[in-house]
Visitor: 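My questions will all concern the structure given below.
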There are 2 protein chains.
Amino acid sequence: MLKTYSISEVAKELNLTAYTLRYYDKEGLMPFVERTASRTRLFKESDIEALKVIECLKSTGMPIKEIKHFIDWCSDGDSTLQQRYEMFIERKATVESQLEELNKTMELIKHKCWYYKTALEAGTEDIHKNEKIEIPTTN
Amino acid sequence: MLKTYSISEVAKELNLTAYTLRYYDKEGLMPFVERTASRTRLFKESDIEALKVIECLKSTGMPIKEIKHFIDWCSDGDSTLQQRYEMFIERKATVESQLEELNKTMELIKHKCWYYKTALEAGTEDIHKNEKIEIPTTN
DNA sequence: ACTTGACCTAGAGTTAACTATAAGGATTAA
DNA sequence: TTAATCCTTATAGTTAACTCTAGGTCAAGT
């Protein structure tokens, strides 16, 4: 007798649209979601948790087709524990390098903030014309 | 008499393809690149630096059409310093929240690494069946 | 002079991930 | 019972960012 949720309730909760959830279902990402006799999807709390994991993988840049492999492994049970473990280890490395990249991006952005702040104060970009090493105290 | 680079040299340097660079040019991202009499592009060192800034903006998720606005402002000179400053301030906020998101993602990934490591050791996922608060020492 | 290889443009094709439409079925409220 | 508001499917359309093809030009080497 556990509570269930409609597709639009789940969409709202996860900041997605019902279209998107149906699309994920069509792509095989939600084989676990049960239905009523008349085909209406009934989402359990655990289904929402699984969708959060899917969103997590998506946010690492993993394409939907690869996420499906993971979902298939989940359906296959304990015999795929090794693959799933390795997948998350690999994801961890991916996210680590993404964090590194994003931090580099941040440094350049901060530099540009400083560049335009000082140019704005001077009224012209020309003050940066022949400088090579003007290190601002970052931040 | 400064050194110039061909499109394929620049592509190699920036880990892009010549196709992509021509596409960027077509979209108006490279109005500064000079040409020979026979229309061949001649990239200067400063053009490559500008392209690195474009790549930086791209890596924050900014769409090419918005990047074009920035390039247009650059062409317009000092009268657009304010807009450009504000754009980078806004980008900084964007990257900050992206970093936050990515760190949350990392936490979930690490949790899953632990989840599967322990499941693998036990030979079955069942060991996680009725646990709610098994906090592993993260990392 | 001729071939090779890198360059050029215009325009067509591709891909992923949605996003929307059309036509219909079920549940609730008056 | 009828209207509203969900839900369903199949299928078509959209968008961004490439990615490629065709047909041509140009400069260097043999």
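Per chain, numbering begins at 1; letters A, B, ... match sequence-line order.
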Visitor: Are B:F88 and B:F70 an aromatic pair, judged by ring center distance below 6.0 Å?
Guide: yes
Visitor: Write down the distance between CG (A:N15) and C1' (C:dC18), rounded to a whole number of angstrom.
Guide: 16 Å
Visitor: May I ask you to list the residues of residues 33-55 of chain B, by number, that have any heavy atom positioned under 4.0 Å from an atom of DNA chain C?
Guide: B:R35, B:R39, B:T40, B:R41
Visitor: Decide whether B:T60 and B:T94 meet the rule of one side-chain donor and one side-chain acceptor closer than 3.5 Å.
Guide: no
Visitor: To the nearest angstrom, how far is B:L16 atom CG from D:dC20 atom P?
Guide: 14 Å
Visitor: Checking B:K12 now: which residues fulfil salt bridge (Lys or Arg N to Asp or Glu O under 4.0 Å) with it, not counting sequence neighbours?
Guide: none
Visitor: To the nearest angstrom, how far is A:Y5 atom OH from D:dC7 atom C1'?
Guide: 19 Å
Visitor: Mind calculating the distance between OH (A:Y19) and P (D:dT9) to the nearest angstrom?
Guide: 14 Å
Visitor: Rounded to the Å, how far apart are A:L21 CG and C:dT19 C1'?
Guide: 13 Å
Visitor: Would A:V95 end up clustered with A:I89 when hydrophobic side chains under 4.5 Å apart are linked, directly or stepwise?
Guide: no
Visitor: If only side-chain N and O atoms of A:K58 are considered, is one of them under 4.0 Å from the OP1 or OP2 phosphate oxygen of C:dC18?
Guide: yes
Visitor: Is B:K58 salt-bridged to B:E55, going by a charged N under 4.0 Å from an acidic O?
Guide: yes
Visitor: What is the distance, to the nearest angstrom, from the CZ atom on A:R22 to the P atom on D:dC7?
Guide: 7 Å
Visitor: Write down the distance between OH (B:Y23) and P (D:dT15), rounded to a whole number of angstrom.
Guide: 13 Å
Visitor: Check this one for me: any side-chain N or O of B:Y24 less than 4.0 Å away from OP1 or OP2 of D:dA17?
Guide: no
Visitor: Would you say C:dC7 has OP1 or OP2 under 4.0 Å from some side-chain N or O of B:S8?
Guide: yes
Visitor: I need the CD1-P distance between B:I7 and C:dC8, as an integer number of Å.
Guide: 5 Å
Visitor: Determine whether a donor-acceptor pair (one donor, one acceptor, N or O, separation below 3.5 Å) exists between the side chain of A:K65 and the base of C:dT15.
Guide: no
Visitor: Does A:K26 make a cation-pi contact with A:Y23, if we ask for NZ or CZ under 6.0 Å from the ring centre and within 45° of the axis?
Guide: no
Visitor: Once you round to the nearest 0.5 Å, how far does CG of A:D47 lie from CG of A:L42?
Guide: 9.5 Å
Visitor: To the nearest 10 degrees, how far apart in direction are the end axes of the helix from C:dA1-D:dT30 to C:dA30-D:dT1, each fit to five base pairs?
Guide: 10°
Visitor: Should the pair A:D25-A:R35 be classified as a salt bridge under the 4.0 Å nitrogen-to-oxygen rule?
Guide: yes
Visitor: Any Lys/Arg nitrogen of A:K104 or A:E101 sitting under 4.0 Å from an Asp/Glu carboxylate oxygen of the other?
Guide: yes
Visitor: Below 4.0 angstrom from OP1 or OP2 of C:dC7, is there any side-chain N or O of B:S6?
Guide: yes
